[in-house]
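Notes for the one structure printed next.
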Protein chains: 2
Amino acid sequence: MPSKCINVEDWLNALDASGFRMTAVQETLIDIFAHSDFPLSAEQAWHVARQSRPKTGRATVYRMVEKLENLGLIRRVHGYQGCSHFVPTLPELMMLFICQSCGRADYLDSQPLQDLIHQSEDSSGHHITDSRLQLFGVCTSCQENA
Amino acid sequence: MPSKCINVEDWLNALDASGFRMTAVQETLIDIFAHSDFPLSAEQAWHVARQSRPKTGRATVYRMVEKLENLGLIRRVHGYQGCSHFVPTLPELMMLFICQSCGRADYLDSQPLQDLIHQSEDSSGHHITDSRLQLFGVCTSCQENA
DNA sequence: GATTTATTGATACTCAGTATCAATAAGCAT
DNA sequence: ATGCTTATTGATACTGAGTATCAATAAATC
C-alpha cells in the first residue's frame, strides 16, 4: 500500500535537490500520487487535483507527471484499463499487483524477482538494466466479498 | 524470435474458427505481426501494411489489432518508447526482453516466472490470473557491437 | 521589498484512436 | 459460375489525450 511506504518529505527533498522551485501544485500532486491506492493516469490526477485546487492547469499536471517520472519517483504501469497509469516508485524494487475487481494496487516482495532476473541474465546473455513485472488477478479482500 | 515461434496458419485458423471472413488485409497484418522482431504500434503496423497494400485504411488496422488482441494472438506491451506496442502471444507464456539499443524483442524461458507467480500467490493470498514481465537492457549482439 | 526567472494556467494545437457510412468483396445458395 | 446477403473495408469526420506557446504569476535571491 503506497501510503504506508512513501515519504512525502523525501519526494519534496528530491525535487528541491534537483533545483526545482517548491510550489503548491507540486505538493498537491505529490500528495495525490503518494497516497493513492490506485494507479492514476495524468488525466485522473488532474481531476483529483482540481478538487482541492480548482484552477490547476492540465498542462501543469502533465509537466509534473513527467518531472516525477524523470526523477524516478513515479513509474508508468500497464493500467487496469490502459497503459498510461502511474504508481509511486518504492525504495526497493517491488512487484506490482493490480486487482481486476477493485482496481487497487499492492506491492509484493521482490527478492524472488531479483533472483529470477539474475538467472535470466546468465542464461540469455542479455544485460538487463530494468524490469517491469505486473500481476493481475483478484485481491484477498475481493475474494472474501465474492 | 517471433518469426520462428509463430505459425501463421494457426492464426488464420483462429480467425476462421471465430467466424470472421478471410480477407487480404488480415493476412497482411498477421504476417506483419508474426514476423516482426520489434514490438509494433498499430500506427507502425499501418505504415508497414501500406508498403504492400497502399490503400489499406487506418481504421482497418486498428480494428484488426483489436481483433487479434481479443483473440489473444497479440498482446500489448510496454513499448520501447510508449505503451501501445504489440508482440505476438506465444503458445507458452514467455518473458519478454526488449533491447534499449536496437529495440529488438526476445523471449526467454518462463518456467522460473511461473514458479515465482505461484510463490507470490501463496504468500500474498491474491488470486493471480495474468502477468506481464518485461525486461529491458542491452542484448547480446548490441553488447558485442559496443 | 524589489528583481529575476522558473513555474503556472489558458489557449491553441497535434496526433493517436474511434465512429460513421457508402463502397467493396467474402461466403453461401442457387 | 452467378447473384444475393452482409461482414469488412477505406475515406471522412470526429474525440480526446498529450504538447507547445506565451503572458501572468509567484519562488528564490539580493
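None of these values were measured; they are calculated from a predicted model. First the proteins, then the strands, lettered A, B, ... as listed; each starts at 1.
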Hey, quick one: are A/F86 and A/L71 part of the same hydrophobic cluster, counting side-chain heavy atoms closer than 4.5 Å, chains of contacts allowed?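 Per the 4.5 Å side-chain linkage, A/F86 and A/L71 are co-clustered.
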Pairs flagged by salt bridge (Lys or Arg N to Asp or Glu O under 4.0 Å) wherever residues 44-54 of chain A is involved - sequence neighbours left out: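 Pairs touching residues 44-54 of chain A that pass the test: none.
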Using heavy atoms and a sub-4.0 Å distance, could you list which residues of residues 60-67 of chain B are near DNA chain C? By number, please.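 Within residues 60-67 of chain B, the residues near DNA chain C are B/Y62, B/R63.
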Less than 4.5 Å apart, any side-chain heavy atom of A/L96 and any of A/Y107?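 Yes, at least one pair of side-chain atoms sits under 4.5 Å.
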First locate atom CG of B/L73, then atom CD1 of B/I30, and finally report the distance between them rounded to the nearest 0.5 Å.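 Nearest 0.5 Å value for the CG-CD1 distance: 7.0 Å.
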Per the end-axis method with five pairs at each terminus, what is the bend angle of the helix from C/dG1-D/dC30 to C/dT30-D/dA1, to 10°?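 Overall, the helix from C/dG1-D/dC30 to C/dT30-D/dA1 bends by 40° from one end axis to the other.
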B/F97 and B/R104: CA distance, side-chain angles, deciding distance, side chain to side chain contact (heavy atoms under 4.5 Å, CB included) verdict: CA-CA 8 Å; B/F97 170 85; B/R104 228 170 292 265; over 6 Å; no
Regarding B/R53, tell me which of base, sugar-phosphate or nothing describes its non-hydrogen contacts under 4.0 Å with the strands shown.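 Sugar-phosphate contact only - B/R53 comes under 4.0 Å of backbone atoms but never of a base.
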Reckon B/T56 touches a base, only the sugar-phosphate, or nothing at all at heavy-atom distances under 4.0 Å?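 The answer is sugar-phosphate, as B/T56 gets under 4.0 Å only of primed atoms, P, OP1 or OP2.
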Using whole Å, what does the distance between atom C1' of nucleotide D/dA17 and atom CD of A/Q44 come to?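 The distance from CD of A/Q44 to C1' of D/dA17 comes to 12 Å, rounded to the nearest Å.
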Interatomic distance where CD belongs to A/E43 and P belongs to D/dT15 [whole Å]: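 Nearest whole value for this atom pair: 16 Å.
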side-chain hydrogen bond (donor to acceptor under 3.5 Å, both in side chains) against B/S124, all qualifying residues, sequence neighbours excluded: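 Per chain and number, B/S124 pairs via side-chain hydrogen bond (donor to acceptor under 3.5 Å, both in side chains) with no residue.
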For chain A, the stretch of DNA chain C it reaches, first to last nucleotide, under 4.0 Å of its heavy atoms: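 Range of nucleotides within reach of chain A: C/dT5 to C/dA10.
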For A/R58 and B/G19, take the nucleotide of DNA chain D holding the closest heavy atom to each; which residue's nucleotide lies nearer the 5' end?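 With A/R58 and B/G19 compared, the 5'-side residue is B/G19.
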Could you go over nucleotides 28-30 of chain D and give all protein N or O partners under 3.5 Å, atom names and distances?
unit_1	atom_1	unit_2	atom_2	d
D/dA28	OP1	A/M22	N	2.9

